[in-house]
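Here the structure comes first, spelled out in structure tokens, and everything after it is commentary.
This structure is a prediction, so every number in the text was calculated from the model and none was measured. In the text below, chain A, chain B and the rest are named by the order of the sequence lines, each starting its count at 1. Below, each value reflects all heavy atoms present in this structure, side chains not excepted, and no hydrogens, waters or symmetry copies.
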Protein chains: 2
Amino acid sequence: MINKTRSKTEDIEFDIDNLIPGNSVDCVIFGFENQQLKILLLKWKFSNLWTLPGGFIYKTDDMDSAARRILEERTNLENIFLNQFHTFGNMNRNLLHKAFNEKKLDKNIFYSLDEETRKWISSRFITTGYFAFIDIKSSSPKPDYLSEKCEWFSIDELPNLVYDHNDIIKKALDYIRIQLNYLPVSINLLPHKFTMQQLQKLYEDILKKKLERSNFQRKMLKLGIFIRMEKEYTGSANKAPYLYCIDKPKYIELIKNGIGFTY
Amino acid sequence: MINKTRSKTEDIEFDIDNLIPGNSVDCVIFGFENQQLKILLLKWKFSNLWTLPGGFIYKTDDMDSAARRILEERTNLENIFLNQFHTFGNMNRNLLHKAFNEKKLDKNIFYSLDEETRKWISSRFITTGYFAFIDIKSSSPKPDYLSEKCEWFSIDELPNLVYDHNDIIKKALDYIRIQLNYLPVSINLLPHKFTMQQLQKLYEDILKKKLERSNFQRKMLKLGIFIRMEKEYTGSANKAPYLYCIDKPKYIELIKNGIGFTY
DNA sequence: AGAATAGTGTCTCTTAGACATTATTAC
DNA sequence: GTAATAATGTCTAAGAGACACTATTCT
């Protein structure tokens with residue numbers, strides 16, 4: 001290890017001596033764009049596989065702080081909604097030799113890493129999954145030390161992911177679906193002003209289920225948390241939809257006890 | 001360490017060389033007895049504090065298997081419903097010197113442990129919480145190497161617990177409350193035959209909320225999963241209640257998609 | 001005018017919640 | 001009989017879901 005200072009950019013190797021061994025954190029970062037629920041993924045330098053943004057825990061870090069640090073480094077955003085959902089601890093979950101066997105790992109690039117780093121990333125990790133909700137438009141994602149680029153993927157067009165990262169995403173979605181009535185999805189995933197159609201599509205993507213338009217609108221508006229703004233003129237040959245924004249204090253209060261919806 | 005074999009009893013020190021450092025598992029084991037929701041706790045040998053049944057993860061263990069092993073060792077039961085709910089990773093969550101400062105730790109007994117063990121239990125642990133539902137009547141709990149006895153506590157009369165174990169229990173209860181419609185509480189916590197009153201009290205304990213008797217009964221029976229048996233004659237001067245048992249396949253199928261109740 | 005989508009209204013059926021009535025049981 | 005608790009029934013209000021109708025926008 002050349003550089004032992006705490007990494008804040010993608011250029012610096014990580015600081016193994018000051019990290020807890022055997023534990024990592026992975027973030028399923030959700031966004032909503034072009035009427036689609038999306039996830040931010042990174043492309044590994046030494047393979048054709050994609051990975052969740054993740055990282056390690058400093059000895060001086062609480063685990064939640066580590067997750068938040070990783071999230072902020074990748075997205076350039078602060079004060080994001082972040083929530084732990086599950087810890088993945090199977091013995092063989094991150095075996096590198098499986099990646100070798102499947103010929104998906106570029107050995108040359110892998111062996112260009114120093115030995116300590118190779119040993120580190122080859123060891124068993126128990127990883128804790130967090131999910132975050134962000135506004136894609138206001139973020140500027142960047143890759144980390146082990147990855148060459150990052151990209152948003154629609155949740156039903158995910159690429160091949162390393163290790164058990166596909167399972168991690170599935171678990172995050174299951175968790176969000178069950179706890180939907182208690183999670184601040186609308187206010188964190190949608191832009192400040194949005195249409196009912198956008199809100200409905202967001203719910204449909206999460207629930208994997210079509211909802212009836214007029215009933216959805218009636219139920220949502222009845223909550224009393226949506227403030228109607230001016231209309232949005234799209235230029236298309238139909239009635240322009242109203243834009244809405246959210247009364248944040250009321251919304252937060254509401255989801256604390258759970259919206260009593262069945263969908 | 002004198003004994004390096006895998007511990008299956010309370011008499012043997014643990015096998016540090018074959019354990020993953022820095023990670024542990026804690027189980028919130030729920031039971032229901034005398035119309036009360038209860039939790040199984042152990043009393044530490046070297047302090048007046050109580051602790052959740054917990055343990056460590058062998059290098060050859062999946063984390064879920066470790067939790068199941070710990071659960072089975074403590075309760076003498078197999079095939080128990082077990083579910084992970086949260087991982088606790090604060091830096092200072094298990095500082096022993098805090099216990100020293102609060103004079104709650106018996107230094108003599110602590111220093112009677114060998115140095116490796118002392119060092120081990122003094123180090124930082126990230127612990128993953130699991131909860132289990134068991135039938136108290138059919139279990140025979142026993143303490144582990146670090147504890148002198150175990151006891152069932154009603155969830156609203158919990159003693160002082162070590163570290164953040166009170167928080168862990170609270171988190172488990174919050175999780176169960178939110179996911180109640182998706183969890184097999186009735187079939188795992190109640191005896192094979194039970195009355196509607198018992199079922200209702202179980203729900204009330206979990207939800208921390210009184211429910212209306214006749215409406216509760218109507219809603220529950222409408223699910224079509226309760227089979228009415230003979231009456232239970234208690235000897236008291238009132239109408240004897242019917243006993244019910246559960247149609248297990250239907251029940252499992254039902255909670256897969258969640259019971260659509262609001263309480 | 002016509003096509004397309006937004007917004008609102010109506011109807012039926014189900015459920016929740018409050019409360020009343022009837023049924024058992026031991027004394 | 002009486003006291004106590006169980007089981008069932010009744011009523012009202014609210015909600016879900018299906019679908020119809022009106023409103024607005026641009027071509």
Side-chain angles (χ1 to χ4, degrees), chain A residues 34-35 177 180-181 186 190-191 193-204 206-246 254-255 257-263, chain B residues 34-35 177 180-181 186 190-191 193-204 206-246 254-255 257-263:
Chain A
N34 297 331
Q35 307 274 68
R177 206 167 296 128
L180 184 54
N181 280 337
S186 329
L190 295 173
K193 295 178 184 179
F194 54 88
T195 66
M196 271 296 142
Q197 199 189 38
Q198 287 177 295
L199 182 64
Q200 181 176 343
K201 185 57 167 52
L202 172 59
Y203 271 80
E204 288 178 340
I206 292 172
L207 295 166
K208 287 194 205 300
K209 191 178 177 180
K210 290 280 171 202
L211 302 172
E212 209 282 332
R213 191 180 54 86
S214 66
N215 293 333
F216 180 83
Q217 169 141 328
R218 181 163 31 84
K219 279 159 68 170
M220 282 296 162
L221 291 180
K222 188 148 196 206
L223 293 177
I225 56 167
F226 297 102
I227 302 160
R228 182 186 279 188
M229 318 291 286
E230 75 283 15
K231 285 188 179 181
E232 179 192 42
Y233 295 88
T234 57
S236 62
N238 53 41
K239 183 171 179 175
Y242 288 107
L243 291 169
Y244 294 89
C245 66
I246 295 177
L254 183 67
I255 58 168
N257 299 309
I259 302 173
F261 280 172
T262 59
Y263 298 96
Chain B
N34 298 330
Q35 308 273 69
R177 206 166 297 130
L180 184 54
N181 279 337
S186 329
L190 295 174
K193 295 179 183 177
F194 52 88
T195 64
M196 270 297 143
Q197 199 190 40
Q198 287 178 296
L199 182 65
Q200 180 176 343
K201 184 57 167 51
L202 172 59
Y203 271 80
E204 288 179 341
I206 292 172
L207 295 165
K208 286 193 207 299
K209 191 177 175 180
K210 288 281 170 201
L211 303 171
E212 209 282 330
R213 194 177 54 83
S214 67
N215 294 332
F216 180 83
Q217 170 140 329
R218 180 162 32 83
K219 279 160 67 171
M220 282 294 161
L221 291 180
K222 188 150 197 203
L223 294 177
I225 56 168
F226 296 102
I227 303 160
R228 181 187 279 188
M229 316 294 283
E230 75 283 13
K231 287 188 180 179
E232 179 192 45
Y233 295 88
T234 58
S236 62
N238 53 42
K239 183 172 179 174
Y242 287 108
L243 290 169
Y244 294 89
C245 67
I246 295 177
L254 183 68
I255 58 167
N257 300 309
I259 303 173
F261 280 173
T262 57
Y263 298 97

Legend entry - Interatomic distance, Gln217(B) CD vs dA16(C) P [rounded to whole Å]: 15 Å
Inset, instruction - Sequence neighbours left out, what passes salt bridge (charged side-chain N to carboxylate O under 4.0 Å, His left out) with Arg177(B)? Give chain and number order. - result: Asp174(B)
Legend entry - Contacts of Glu212(A) that satisfy side chain to side chain contact (heavy atoms under 4.5 Å, CB included) - sequence neighbours left out: Ser214(A), Asn215(A)
Inset, instruction - Check whether any side-chain N or O of Lys193(B) sits under 3.5 Å from a backbone N or O of Leu243(B) as a donor-acceptor pair, and report yes or no. - result: no
Legend entry - d(CD1, Ile259(B); P, dA16(C)) in whole Å: 12 Å
Inset, instruction - Take Tyr242(B) and Lys219(A), find for each the nucleotide of DNA chain D with the closest heavy atom, and name the residue whose nucleotide sits nearer the 5' end. - result: Tyr242(B)
Legend entry - Sequence-distant partners of Tyr263(B), ring pair (Phe, Tyr, Trp, His ring centres under 6.0 Å), two or more places apart: Tyr203(B), Phe261(B)
Inset, instruction - Measure the distance from CE on Met220(A) to C1' on dA16(D) and round it to the nearest whole Å. - result: 14 Å
Legend entry - Donor-acceptor under 3.5 Å (Gln200(B) side chain, Gln217(B) main chain): no
Legend entry - Set of side chain to side chain contact (heavy atoms under 4.5 Å, CB included) partners for Leu254(A), sequence neighbours left out: Leu223(A), Ile225(A), Ile259(A)
Inset, instruction - Mind calculating the distance between CD (Glu230(A)) and P (dG7(C)) to the nearest angstrom? - result: 13 Å
Inset, instruction - Rounded to the nearest angstrom, tell me the gap between atom CZ in Phe226(B) and atom P in dA7(D). - result: 13 Å
Inset, instruction - Using a 4.0 Å heavy-atom cut-off, write out nucleotides 18-27 of chain D from 5' to 3' as B (base contacted by protein), S (sugar-phosphate only) or - (no contact). - result: BB---BBBB-
Inset, instruction - Go through the structure and list residues passing side chain to side chain donor-acceptor pair (under 3.5 Å) with Lys239(B), not counting sequence neighbours. - result: none
Legend entry - Between dT24(C) (P) and Glu232(B) (CD): distance, integer Å: 18 Å
Inset, instruction - Could you tell me whether the phosphate oxygens of dT15(C), OP1 or OP2, come under 4.0 Å of any side-chain nitrogen or oxygen in Lys222(B)? - result: yes
Inset, instruction - For Lys231(B), enumerate each residue passing the salt bridge (charged side-chain N to carboxylate O under 4.0 Å, His left out) test, keeping only those at least two apart in sequence or located in another chain. - result: none
Legend entry - Residues in contact with DNA chain C, drawn from residues 195-202 of chain A - heavy-atom cutoff 4.0 Å: Gln197(A)
Inset, instruction - Quickly work out the Phe216(B) CZ to dA18(C) C1' distance and round it to whole Å. - result: 17 Å
Legend entry - Separation of atom NZ in Lys210(B) from atom C1' in dA16(C), rounded to whole Å: 20 Å
Inset, instruction - Tell me, please, which residues at least two apart from Lys219(B) pass salt bridge (charged side-chain N to carboxylate O under 4.0 Å, His left out). - result: none
